[in-house]
Structures are given as C-alpha cells and as structure tokens.
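Below: the structure, in structure tokens.
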Amino acid sequence: MSAQESTSELKVKKIGGKEEKFRTITTHENGDIKKTSIQQAVSEEDYNKLSDDLRGGSSNGLFFQVVRNDIRTKRSNGEIDYINSYTKAASRTVQKQMNDPKTKIKKKLDLG
C-alpha cells in the first residue's frame with residue numbers, strides 16, 4: 001500500500017500573546033507513521049516568500065509554513081529512530097512553546 005496523509009483539525013494556540021493556528025500533516029504507510037509535519041498559518045504574502053521546502057500548502061483560505069518535521073525510521077534490528085527538527089520558519093517563541101512541557105502544545109498537535 002502506498003503512503004497516505006492525514007491532516008489534523010486546526011488548533012489555535014496562544015504564542016507570544018497572539019493566537020496562532022496550527023495543523024499537522026501525518027504521513028503513514030501500512031499503519032506505521034513515517035513523518036509528522038507541524039505547520040503554522042501565515043499570511044499569503046509571507047507564504048509566497050517561503051522556499052518550496054517550507055511551504056505547507058493552503059486550505060480554506062489559510063496558508064501554512066512548515067515549522068517542524070518529525071521523521072520516524074526503523075533500523076534493520078526493528079528499533080525506531082526519531083529525527084525531530086525545526087525549520088528555519090519556526091520562530092524561537094514557537095520552538096520554546098512547543099518544547100515547554102507545561103503547555104503541551106506539541107503533544108496536543110500530535111494527538112490531533
């Protein structure tokens with residue numbers, strides 16, 4: 001079976017005193033999650049300035065930039081490796097909030 005994508009519902013989170021919109025795009029194949037991309041809504045103007053690898057697409061009039069990619073790979077011995085990286089589009093404030101265990105933003109986005 002080929003890889004499929006699932007898009008979460010839009011989540012609104014307060015970041016730096018401002019309400020920001022996020023979604024996740026999860027790529028899965030044969031029941032295994034391969035990649036999760038966390039995307040943040042931006043203006044169309046800002047979206048058009050992004051390089052192709054940072055463009056998350058658009059939906060319902062919103063444009064998204066990729067702020068984090070979580071990639072899961074399986075070693076030959078069956079163990080799972082995780083590569084988690086923020087993109088250059090992720091502000092320090094966004095990174096700090098996603099890494100803060102008190103806000104649980106990253107976990108809530110993953111569950112979405």
Show every donor-acceptor pair shorter than 3.5 Å between a side-chain atom in residues 57-66 and any protein atom, with sequence neighbours excluded, or say none if there are none.
from, atom 1, to, atom 2, distance (Å)
Q65, NE2, Q40, OE1, 3.2
Q65, NE2, A89, O, 3.4

**Message:** Is any side-chain heavy atom of T36 closer than 4.5 Å to one of R68?
**Reply:** no
**Asked** Any donor and acceptor pair, going by atom type alone, linking the side chain of S8 with main-chain N or O of T24 inside 3.5 Å?
**Response** yes
**Request:** Report yes if the side chains of Q4 and H28 come closer than 4.5 Å at any heavy-atom pair, otherwise no.
**Result:** yes
**Prompt:** What distance separates L10 CG from K21 NZ, expressed to the nearest 0.5 Å?
**Reply:** 6.5 Å
**Request:** Tell me, yes or no, whether the heavy-atom count around K34 atom NZ, taken from other residues, nucleotides or ligands under 6.0 Å, exceeds 12.
**Result:** yes
**Message:** Quick check: closest heavy atoms across T27 and A3, and the distance to 0.1 Å?
**Reply:** CG2-CB, 3.9 Å
**Prompt:** Looking at NZ of K35 and CZ of R72, how far apart are the two atoms once the value is rounded to the nearest 0.5 Å?
**Reply:** 12.5 Å
**Message:** With heavy-atom distances below 4.5 Å as the criterion, would you say the side chains of M98 and I38 are in contact?
**Reply:** yes
**Prompt:** Is Q95 reaching over with its side chain to a backbone N or O of A90, donor-acceptor style, under 3.5 angstrom?
**Reply:** yes
**Complete:** The salt bridge (charged side-chain N to carboxylate O under 4.0 Å, His left out) partners of E44 (sequence neighbours excluded) come to none
**Approximate separation, where rounding is to 0.5 Å, of N69 CG and Y86 OH** = 11.5 Å
**Asked** Could you give the distance from CG (D70) to CD1 (I33), rounded to the nearest 0.5 Å?
**Response** 10.0 Å
**Gap between atom CD of E20 and atom CD1 of I15 - 0.5 Å precision** = 6.5 Å
**Asked** Does atom CZ of R92 have more than 12 heavy-atom neighbours, drawn from other residues, nucleotides or ligands, at distances under 6.0 Å?
**Response** no
**Whether R23 side chain and S37 backbone form a donor-acceptor pair below 3.5 Å** = no
**Message:** With clusters defined by side-chain heavy atoms of hydrophobic residues (ILVMFWY) lying less than 4.5 Å apart, directly or transitively, does Y47 cluster with V67?
**Reply:** no
**Item:** Taking every non-hydrogen atom, the tightest pair across L50 and L54
**Value:** CD1-O, 3.8 Å
